Structure formats: C-alpha cells, structure tokens
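Letters go in sequence order (proteins before strands), and every chain restarts at 1. Heavy-atom basis, side chains included; hydrogens, waters and symmetry copies ignored. Predicted, not measured: the structure shown is a model, and the values here were computed from it.
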Amino acid sequence: MKLTDLRSNFSPSEAGEQMHRLMSQLYPIPRSITGDGIRETFRVIGEEIPLEAHRVPSGTRVFDWEVPREWQIRDAYIRSPDGEKIVDFRDSSLHVVGYSTPVDRRIDLDELRQHIHTVPEHPDWIPFRASYYEDNWGFCMSHNRLASLGPGMYDVRVDSSLEPGYLDYAECHVRGELDEEILISAHACHPALCNDNLSGVVLAVAIARLLLGTEHRFSYRFLFIPSIIGSIVWLSRNEDACRRIRAGLVVSCVGDGGDFRYKRTRRGDTVLDRAAEHVLTNSGHRHSVVDFYPYGYDERNYCSPGFDLPVGSLTRSSHGTFPEYHTSADDLEFVKAAFLGESLSVYATLLEVLENNGVFVNRNPKCEPQLGRRGLYNVTGGLKEGRSQEMAMFWLLNQCDGTHSLLDIAEKSRIPFDVIACAGARLHDAGLLVEGSA
Amino acid sequence: MKLTDLRSNFSPSEAGEQMHRLMSQLYPIPRSITGDGIRETFRVIGEEIPLEAHRVPSGTRVFDWEVPREWQIRDAYIRSPDGEKIVDFRDSSLHVVGYSTPVDRRIDLDELRQHIHTVPEHPDWIPFRASYYEDNWGFCMSHNRLASLGPGMYDVRVDSSLEPGYLDYAECHVRGELDEEILISAHACHPALCNDNLSGVVLAVAIARLLLGTEHRFSYRFLFIPSIIGSIVWLSRNEDACRRIRAGLVVSCVGDGGDFRYKRTRRGDTVLDRAAEHVLTNSGHRHSVVDFYPYGYDERNYCSPGFDLPVGSLTRSSHGTFPEYHTSADDLEFVKAAFLGESLSVYATLLEVLENNGVFVNRNPKCEPQLGRRGLYNVTGGLKEGRSQEMAMFWLLNQCDGTHSLLDIAEKSRIPFDVIACAGARLHDAGLLVEGSA
Amino acid sequence: MKLTDLRSNFSPSEAGEQMHRLMSQLYPIPRSITGDGIRETFRVIGEEIPLEAHRVPSGTRVFDWEVPREWQIRDAYIRSPDGEKIVDFRDSSLHVVGYSTPVDRRIDLDELRQHIHTVPEHPDWIPFRASYYEDNWGFCMSHNRLASLGPGMYDVRVDSSLEPGYLDYAECHVRGELDEEILISAHACHPALCNDNLSGVVLAVAIARLLLGTEHRFSYRFLFIPSIIGSIVWLSRNEDACRRIRAGLVVSCVGDGGDFRYKRTRRGDTVLDRAAEHVLTNSGHRHSVVDFYPYGYDERNYCSPGFDLPVGSLTRSSHGTFPEYHTSADDLEFVKAAFLGESLSVYATLLEVLENNGVFVNRNPKCEPQLGRRGLYNVTGGLKEGRSQEMAMFWLLNQCDGTHSLLDIAEKSRIPFDVIACAGARLHDAGLLVEGSA
C-alpha cells in the first residue's frame, strides 16, 4: 500500500533558499489589489508553476461588494522648498498610499503633514498604508525624515489613475486521484512586504511544485488573489467548486522566526483542525492553536456563514503582532530561507496527514493476531523504532473497527501520524487490515 | 431596535442608600415564619411596590408538609436572682428562640443553661435560633453575659402563643410584553438580621421599582416568603404558573463586601446559568460560580426534581460562611449601601442579558458585507470603543446563522454581552440582521 | 433494604497474612504456560475454593493462534570445567529459560554466553525469560556469577520435552442472584515471581472466598489462566458467556507498596471505569487512572475490538515499571501481607459499588419531604456522620428522578458511594425512595 510521501522529495534548506530567491524577484514589483503590479507578479509565478489567469471588470457586483476601479501608479514624489525630492515612489513602492488619487499641487508643511504617515516608535521605518474604498491620497515616510522638514511650500505629485479596468487573480490546479480538493490561498497584493505576504506566495508555489512531482490523492487548488476583495470575487464565481473543498489553508507570514500558529476553521473540529494540531504537537516546534475569529485574512470570507468552508490558517507570527508588520522592516532580511524551509516541512507533514488518513478494519478482531509468525514482531533492528512500530500495530489492531481513522488512532495513542500510517500500511500488506468503514 | 436598558435608570450609590434606608425601617420588626412580624414587613414593602398578600391556614397540607401554627410573641425575658432583667426580647428579637412555646417558671442556673444559646467564638454576639417543627423554648444571649451569671433561681418568661392561624406571603407582579416570567424570590422571615436576608428583600424591591419604570420584555414575579415552608406553599399553589418561568433567582446575602457567588440551577446549563457566568466574568468583580447542591435557601424546592425550575441563586458571601451569619453582628453596620448598590448593578446587568438575548440571521451570509459604505466601519470616534463595536459586528455577521443567540456570540467572542447587543441593534437597524432562527 | 457488604467480613491484616501464606505455598512450583507446574498450581488453589479445570489439546486452533505444545521440564544445569554445578534448575525455576528445548552438550564459554541472560544493573538478581513461540534454549543467572566464569568447556543440560499435550486453565464460578457476571482474571503461569503474578492469584482466591461467604447480586467468574494464550483460549470457547459480563478486572501486581493504578476499559466510560475512579479517589490511597492501551496483560484480548468487554485492570505498580519486575527480586519479601490486605480492601470496596449501584425514584419529587417527622433529620448522634447522612439524603431526594444511579449521585455530590448507598437504603426503608428508573 502506497502512502503519499512529500517530505522525501525536498531538502528544507535548499527549498528555503529557492523560495527566498523567488521572493527577492517579486519584492520590487509595485503591487496593489489591482493594476499592472499584481499582473506582473502572476507572470513571474507563472514561470514556476502552471497558472491560470482570471480577470473581472470593475463595477461587477460580487455579493454585497463591487469590484473597485483599477489603480495605476506611475510616479509619486514630494519636492522640498529647495527642490530636493524628499520622498520618491521610485525608491520604494511603500512611499505612496495605495489607491492614492492623482494630485499635483504646491502646499505648505502643515497641509502636507495631514497626508503623511510614519511609524513614530520606529522612526527609521516606512509604514504601508492604503485607502481602497475611500478616495484619498497620501505618502508614507520615515518619522525622522518628516521631523527634519522645514517650513515652506512643497510640491506634491501623484501620477496615478483610478479608472474602470479589471481585478486580476490566478489559480494553479494540481490534479490528484480524487475530485475532492484542498485549497491553498495566498494574498498577493501587498507591495514591498515580505513576511506579509510574499512568504505565503512563495510557500504556496513551493507546495504546488512539490505536489506536481509526487503522486497524491486529493486535487489541489492554489489561489493567488488580492486580499479580501479577491476571496469575495473568487467565492462569487466558484460556489460549485466550494462543494469539493475538503480542507483549506490561508497561507501567510511563514518566513519569520516566530512560533507556529494555527487558527482553526469556523467549525473548529474538522479533520484539518485535528490534523494541524497533531502535526504541530509532534513537530517539536513551539506553537499555538487558536479558535477561529472573524478577522484576519481571507478566512473571514471562506468561513462566512453562507460558505462555512473547512479553511484554517497556518502561519508563524500572526498579522499585526510583530513590529515589522506592514512596514519597510518586513523586508528580505526579516524573512529567512531557513524559516521558509521549516514552514514548508510543517505544511508538507500536514498535507501528508490529510492525504494518508484512511479508515481500516482489522480482519482478526477477536483477540490479537499473532504478529510473530508474520515477521511483524521485533521486525526492525533498531529497538526504539521497532518498539514504536509494534505499539503502533497493537493500537491499529485494537482500534481498527471501522469507526476510527488513522488520525483518530494517532491522537488516541499519542504516536505520530506517520508512524501509525507506516504501521497501517505494513498490516495492510500483511492482509491483517483492509480499507473500509463499519 | 430597542434594547431593554435598566442600568441607565439608576445610580448605584443613590439606589444603595435608598435600599439601606428601607432596610433600617424593616430591621426592628420582630419577624418569624408566621405571625404579625412578617405581616408588618409586607405592609412596609407594600408602601414601596404594589404587593399582593396571600395567606394559607395552619394545617393546610402542602405536598409532604403541613402549614405550621401561627406564632405570636409578645414578651420574653430572664430575670436574675436579684431581679434584674438580664435578657429582654424588647431589646432584640434575637433574644428569644423562634417558635418558643410559652413558659413562666423559676429555675436554677443549671436548668437555665440548657435553654441558652451563645456564640462562644464571638462572646459579645447574640446568635439567632429557631425551632419551628419541634416544641421547645430558649433564649439567645452573648457568651460573656452568660458567663457572668451567678448561681440562684431565675425567672424565665416567654409570653408567646402557638395557635392555628395563617402563613403569609406576598407577591409583586410586574407585567412585560411577554407572558413568560422571571422569578425573584426573597425570604423575609428572619428577625433582626440584615445580610441574611433583609438585603435580599430590599434588593428585590429595588429591582421591582426599576422594572416598573422601564420597558421590558419578560414579566416578573417577586416573591416575599418565609424561608423553605414559603416556597413549598407557593409551589403547591402555583404549579401552572411554574410553566411560565424562564429563569429565577433566589436573592440573599447581597449587602456584605464578599465576592459575588452564583449557584447554578439544577440543570446547570440554562440560559440563566450562562448569562450569570458571563456577567460576573465581565463585571470586574471577584466572584465564583458553583454547581447546584440541594441545600441552602429556597432553590432547594424550586429545583426539586418534580419542578426542576431554572432557578439559581446570586449572592455575595454565602449562607453559613461568614462569621456574622445568623448572629446579631449581621446588622445595619455589616451591610453597606455601596455593596447593595453594586449588587443591584450586577442584577440589572444580568436581567438585561436575559431581556436582550435574541437570535438574528445575517441577510448577507456569503462573505462579509461592506460595512464602510453603510457608515458602520470606524463609526465611533474613540478608537477603542470603535474597534470593539467593529469586532462585535464581525462576530455577529459571522455567527448569526440562526443557530446562535447573542449570548452564544458574546461567550464565543469574549466580548461583553452589552457590546454585542448594541452592535446587533445597529446591524439590525442597518438591515443587515433580521430577527429569527434557522 | 439490604446492601452487599463485603468489607465487614474480613480484617485486611489477617486476610493479608492468609494470602501471603498461600503465596508461599505456590512460590516453589515450577510453572509455565503449560505443563505439570500450572496443574499443580490449580490443585493447590482448588483446596481453597471450588475450581473447575479445563484442558485444550495442543494444536487446537484458537482465533489467529494455535495452542502450543506442552512443555515439561525435569532438570537443567550448567557444569563448569571443574565439574561444579554453577546453575541448577533445582535451586530456582527461573534458572532455565521457559520453553527451552532439550540440550545435552559440552560447549566453550563464548558459545555458552550466547545462551545466558542476566540483569547487569542488578548483578545479584536472576532474570525471568521464556521463548514460547520460537524454539530456543537458555539459562538465567546473576551477572556476578557470569562474570566469575573462567574459560574452558562447560556441560549444559536441559532435560525438557516439548510434545503435543494440553493447555490447562481453571475457573471458579460463584453464583449470585443475577445471571450477569463480573469477571476476575489472573494469570498463573509465571514461575517463582510473586508480585507478577502470584499476588493476583492469591487476591483472586481471597475475593472468591469472600463472595462465597456473603450474599451478593452478581455472579462472579474467576479465571486462572496462562498469560495471553490463556485468555485467547478462554474467549474462543466462551463467546456466549461474554455477553453476560458486566464488568471485569485483570488482577495483577497487587502485593507491592506502589501507588494504586487503574487502567480503564477500552470503552473508557463504563460503570466499572467510573466506580474504580470513584473508589480510588475516596480511598485516601495515592493512585493514578490511565486510559486503555493495547498492551500489558490479558485485557489486550478481552478488549480486542471483536469482544470489547468492559474489562479494566486494577494493580499497584504496573508491569515493567518496578526494577524487581520479572527478576528473582520479585520474591516473598518484596510482596508484603499488609499490601495484599490493602489491595483486598480496595477491590472489595469497588465490588460493593458495582453490587449496590441501583437507580431509585423519589416518591415525593415536589419539594423536599419532611425528614424530621420521620426521624431522618439529625438522626445520628455523631454530628459529622449525621451531617453527611443528611447531605446524602438531600442529594438522593434531589437526584432520584429515575435517570441517575447511586454512582451518578456519589460522583455529583462528591460524597463517598457507601455513604450514599447507606442513605439510599434508609430513604428506601422509610418509603421515600423506590427502586426503578424513569
């Protein structure tokens, strides 16, 4: 019996380096929830994995919302009274508030200040701000630079447009044996910010590549979308597809060194929820598991009551809780290849649980069968592994009455799922277990 | 949408003073489970709130019991060998054991001692004793006074009568929109004891006054009864009314400075139980919540298996656990106006939860609706209140699928019920929520 | 109403001495899973309690196993190069590996060492080893003795036979009022080892004697079997009888001074499981309660999924966890009469719970009945016992609605079961409770 084995197919450290390189390539592209930046992002991802592009016209009604106008940003700067460019969009896409309306004016410092955002607690960092649903313009800069400005008249210019256009998103579909799907959703609309959420984008790409090279049971759908409005758009166009989703993960903030954190689905007790907790518990990594709450990333929409999909979120540091969040300090240095590699391992382990979690029936339910004469007792040389394989077999023979899945048995026995699954395959191959439920 | 709002209608400190004044008025009346004292008590209460008086003849069969004879006490004293009145009922109604049979004898100190009760650990305090169901007589006095008595013959006199008469109780019924009732039960039979239970009597009066001046949904029934036998009598005559009771509280010991304590209903998981725990948790007051046990006050009868009413008990220090309990030290000093005011606030908060706990359905269950264009996002100036209103709205929109009450959502979100209820009213008024269940 | 009362019928210290004497008698018999040793063991037990002997021919198919050949051991020794008997089966039956095949050879020290087992951490102790299902031979000795051996040729002789014969087991059936049975299972196949498991054998004998002299409700079946294969054989021949089993205990390791330990049934929430936890909690003894796991003694088979019997195991130190386990140090000194007596008390208390756990209905379910006029209030002189009897009565009157057993009420009230059962009998005798369920 063949188990889906993802972890043998990569080295975490090499995969981490590869993810970091892709992130470096994506970093300079000036992204927003619409416009050329996100399109260029999808083009780069499409060089890594097969990607299907979708676009929806501005003004399209999507549930209670409508698709916003497309924002194009060409240039933005502030020129000081003595003619120096003190803020320049060409230095960092963070400098202009997302969805800023066009402006070309000369204003005094007091008025200018009302359009400037800084991070006073970290006076060297530039914050990230956007104003998607209210017409506005503004600049982001370091607090120190703002403090150094003298009185006088400043030239401010935002060369942008807000016109009817399109909202873009992209999907990568990886077929498995089954029609049932696992969803991996990453938002791809933030500008030069690495942990939130280029780390999620490159991890999703790495998982897709892994699955493309491995036999597996479930089909997988990877979504690369603008945050919040993207999931609303996707859900509005894929209500049928939702019925096939057996589990889903919103992937985000997986490149920093923080503890792992799994946020449960709205239902809270799905196989995904139990698998994620089991995997984190056995991972040796520090971690936490929190109940669903209707805030955060796109799980807000996947878990809205009209959908209530079994979608959780597996991250490291959580949105809004690390100082670098939504600032220029969330950069290519903050995210490390090694952390990305670790995160890929944890995701792969979790997907293996979902893939291999079957239900078996013991064909000799009355008393233990004799393992010795089948060569299953003390089968492995190394005492420790042998003992855990034997204990796993005893648990399987006792619990495989058709009502317990392998994950149930792993939880009950406190034996890691992969040890249980491996012992299950051996017992199956020895004819002692058959697939099926009571 | 209009919420029942009790707390805006009083100031805890002023209400506390008012309650304490009423308590002072009731304190000197020599009460027992029958007789003129309890009748006079009802007359005074009747000056505060509309009161319906009931009387049941002695000897009436009430379930396994019968209504006892009526006890009248006119005078009681002990005169020392040198003619001094060393104990005098006119000084304190506690001096004579409740339901003492008449006596007029001259006895020596040894025999006298067998009829004297004291509190040796607090030698200045007078205990409270009664012997309702066994014919007996006795006196209560300070341990110091007893110790000072010399040998000789003492005149003891109890000028009482135990004759067929009536057991009295009183009800105040406050109509709401609904026929369903909330029961508030206070025993009113103890003589000069304040926390147990004049504090309960005056708190019940204050709640009734509050409800009389406020629109509300439930109807309320306030019972002022002699302890234990009173609830047996009331239940025996109101089996039909019991079917309308949705929640009930035995109110007692609410005037001392001890931690709040909620004793659950026999069922343990009624809306009342959850509301009480939620309110205490969010009150900021130290508190405990304990499971039902078949001992204590009249909840013993309300929660007998043949009734099993959803009646709990919300007190501060619990019966029998504070040194002043059933002694002369449970006096007008021990109970403070401020504590009564606090208790009224907690009761009012709890009743608001019961009143406002509805079930709503999100009319836009697929993805979050756009709060911004309805002026519901960042609606309040103060960031903190605004954020908690927004979070409350997100929770409501996510959980209002017709299976969760507002209290369910308050519990799950760990947001205080009143914040949830207020956000629910706003979403209702914006047309985003409708009342009803799935 | 008559309660089954086992504990009044013995003194733990005397019963402990009696058990220890029987253990001393059984200790020298050279037992294995088949053969004359286990037969002689049953003969000795049969002098204490009525015993039914059973035998099953070698080769009989029992589920996935077959009954092994019968092993007879007559003599076994190692003679050193200078002719000294350095190991002699006549000194201790532990010296020869169980089920050793016959051997009569002269071999050098290197070859000899491959057939020698010792306990290096305790160099004076002799281990216990057996090889029931793989043909082999060997000796067990102290590590010190092994270390002292010089080079040269050694004579080794095992005068044994492995021939078709029989597997023996024995049953003692003690009738009660009911056909429903409680199973007590002890393995009786280990040679000179006291805690594992002569302690279990003598405790089972003591319980059987106790029940033979006491009126009781359940019927009891005591099994004395060879470990593992014995329960497989018994189950294969008694599938019908299994349907009558309401609870079962695998008794083992009950003579050492370790904490008590109850291992739950596979179902985990049977009456037995709750009764065992309740009894241990109220015993005052240090103890632990662990979930079922498919390893250990014969509960592995009783709790295999095809049977799933409500069988747990109540021991003191658990198999494999004390250093003396399966060594010569598990001897008549290691097991103390006082510990055996304590264990008997705990078992008797547990069986009393199973025996006396009825369901009653309060005939006066509306309000408390008046205990005073029935002499049930303050009935006992000693205040403490009286109060606990009163509280037990209040709990019973409140909870006896036909849905709660006495054990339910004991758990809920945190009052020991025997106090509840005694109060229940009083209320029953006073006509306030009747047997029966809702």
Side-chain angles (χ1 to χ4, degrees), chain A residues 358-379 383-384 386-406 408-416 419-420 423-424 426-428 430-438, chain C residues 56 59-68 99 130-136 185 225-243 250 263-269 290-309 311 319-320:
Chain A
V359 175
F360 293 85
V361 176
N362 176 358
R363 297 180 61 196
N364 295 67
K366 292 182 176 171
C367 299
E368 282 174 11
Q370 201 177 359
L371 297 182
R373 65 177 166 88
R374 293 178 175 88
L376 295 170
Y377 201 71
N378 254 329
V379 64
L383 182 66
K384 212 175 153 200
R387 278 307 284 275
S388 86
Q389 275 291 296
E390 273 168 28
M391 282 308 295
M393 286 185 205
F394 287 137
W395 273 105
L396 284 158
L397 292 166
N398 187 272
Q399 294 291 308
C400 282
D401 54 11
T403 70
H404 301 105
S405 70
L406 295 185
D408 291 333
I409 298 170
E411 287 177 337
K412 198 160 201 166
S413 66
R414 297 168 193 271
I415 295 174
V419 176
I420 290 286
R426 280 190 192 175
L427 290 172
H428 179 268
L432 288 168
L433 295 184
V434 290
E435 286 186 78
S437 59
Chain C
V56 186
T60 305
R61 185 91 190 164
V62 282
F63 299 125
D64 191 56
W65 301 64
E66 64 181 47
V67 173
Y99 265 63
S131 179
Y132 305 129
Y133 301 103
E134 199 170 337
D135 279 2
N136 217 329
S185 173
I225 52 176
S227 184
I228 307 300
I229 186 68
S231 49
I232 296 172
V233 166
W234 187 84
L235 286 163
S236 75
R237 308 175 95 209
N238 290 276
E239 294 202 39
D240 280 353
C242 288
R243 278 188 263 281
V250 170
K263 176 183 175 181
R264 292 193 176 100
T265 71
R266 180 177 184 267
R267 303 181 200 168
D269 60 354
V290 300
D291 280 333
F292 176 78
Y293 52 88
Y295 201 66
Y297 294 115
D298 293 287
E299 65 273 16
R300 293 159 70 160
N301 290 317
Y302 299 128
C303 294
S304 60
F307 288 102
D308 197 17
L309 296 178
V311 173
H319 69 103

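Just one of A/Q370, A/R363, A/K366 meets the side-chain contact (heavy atoms from CB on, under 4.5 Å) condition when paired with C/D64; it is A/Q370.
Among all heavy-atom pairs drawn from C/F292 and A/W395, the shortest one is O-CH2, 3.3 Å. Of all heavy-atom pairs spanning C/S304 and A/N398, the tightest one is CA-ND2, 3.9 Å.
Between the side chain of A/D401 and the main chain of C/G306, no donor-acceptor pair closer than 3.5 Å is present. Between the C/R300 side chain and the A/F394 main chain, no donor and acceptor come within less than 3.5 Å of each other.
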For side chain to side chain contact (heavy atoms under 4.5 Å, CB included), just list the numbers for C/Y133 and A/R373, CA-CA rounded to whole Å, side-chain angles, deciding distance to a tenth of an Å, and then say yes or no.
CA-CA 9 Å; C/Y133 301 103; A/R373 65 177 166 88; over 6 Å; no
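Between the CD1 atom of C/I232 and the SG atom of A/C367 there is a distance of 5.0 Å, given to the nearest 0.5 Å.
For C/E134, no part lies under 4.5 angstrom from a heavy atom of chain A.
In this structure the side chain of C/P294 never reaches within 4.5 angstrom of the side chain of A/L397, judged on heavy atoms.
A/R414 pairs by the side chain to side chain contact (heavy atoms under 4.5 Å, CB included) definition with nothing, not counting sequence neighbours. Applying the salt bridge (charged side-chain N to carboxylate O under 4.0 Å, His left out) criterion to C/D291, with sequence neighbours excluded, gives C/R264.
Heavy-atom pairs under 4.5 Å with chain A peak, among C/F307, C/W65, C/Y293, C/Y302, at C/W65.
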